[in-house]
Amino acid sequence: MSIGLLNIIIKFYSNSFYKYIYEKEGGIMPEHGRKKVMDYLKENNVTITSLASTWNIPVSKMSQYLSGKDTSPKANEIILKIIEAYGIR
């Protein structure tokens, strides 16, 4: 199996998992979650720098996760973990 095909399969299953969470469990899809996290940061005067430090992620990477420039499965996982950890709804 080629790496490209494997990446497509992984992305499909990752997206299917997030869709399942959204539809069945009342969760937040990562693309909607990014805005929710940004709103939370603004409302609570939390900087991306401090969020990145808390999660031990480089600031540039956290910025990419939150802006949607990085929508990899890892980025989506981090967004969902932040949402869960801070009780963002």
Worksheet item: Does any pair with a residue in residues 45-54 pass salt bridge (charged side-chain N to carboxylate O under 4.0 Å, His left out), and if so which ones, sequence neighbours excluded?
Response: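 Every pair satisfying salt bridge (charged side-chain N to carboxylate O under 4.0 Å, His left out) with a residue in residues 45-54: there are none.
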Fill in: Any pair counted as salt bridge (charged side-chain N to carboxylate O under 4.0 Å, His left out), so long as it reaches residues 38-56, sequence neighbours left out
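Counting only pairs at least two positions apart or across chains, the salt bridge (charged side-chain N to carboxylate O under 4.0 Å, His left out) contacts touching residues 38-56 are K35-D39.
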Discussion item. Using the side-chain contact (heavy atoms from CB on, under 4.5 Å) criterion, which residues pair with N45? Sequence neighbours excluded.
Written reply: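 Not a single residue meets the side-chain contact (heavy atoms from CB on, under 4.5 Å) criterion with N45.
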Practice prompt. Please identify each residue that fulfils side-chain contact (heavy atoms from CB on, under 4.5 Å) with K61, with sequence neighbours left out.
Written response: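 With neighbours one apart ignored, the set is I57, P58, Q64, Y65, D70.
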Mind checking the [atom1]-[atom2] spacing from [X] to [Y]? Nearest 0.5 Å is all I need.
{"X": "K81", "Y": "N76", "atom1": "NZ", "atom2": "CG", "value": "12.5 Å"}
{"X": "I79", "Y": "I82", "atom1": "CD1", "atom2": "CD1", "value": "5.0 Å"}
{"X": "R34", "Y": "I83", "atom1": "CZ", "atom2": "CD1", "value": "9.0 Å"}
{"X": "I88", "Y": "K36", "atom1": "CD1", "atom2": "NZ", "value": "9.5 Å"}

Discussion item. Strictly by ring pair (Phe, Tyr, Trp, His ring centres under 6.0 Å), give each pair with a member in residues 70-89 just once, sequence neighbours left out.
Written reply: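 Sorted pair list: Y40-Y86.
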Side-chain donor-acceptor contacts of residues 46-54 below 3.5 Å, not counting sequence neighbours, with atom names and distances?
| unit_1 | atom_1 | unit_2 | atom_2 | d |
| --- | --- | --- | --- | --- |
| T47 | OG1 | S50 | N | 3.0 |
| T47 | OG1 | S50 | OG | 3.1 |
| S50 | OG | T47 | N | 3.3 |
| S50 | OG | T47 | O | 3.0 |
| T54 | OG1 | S50 | O | 2.9 |

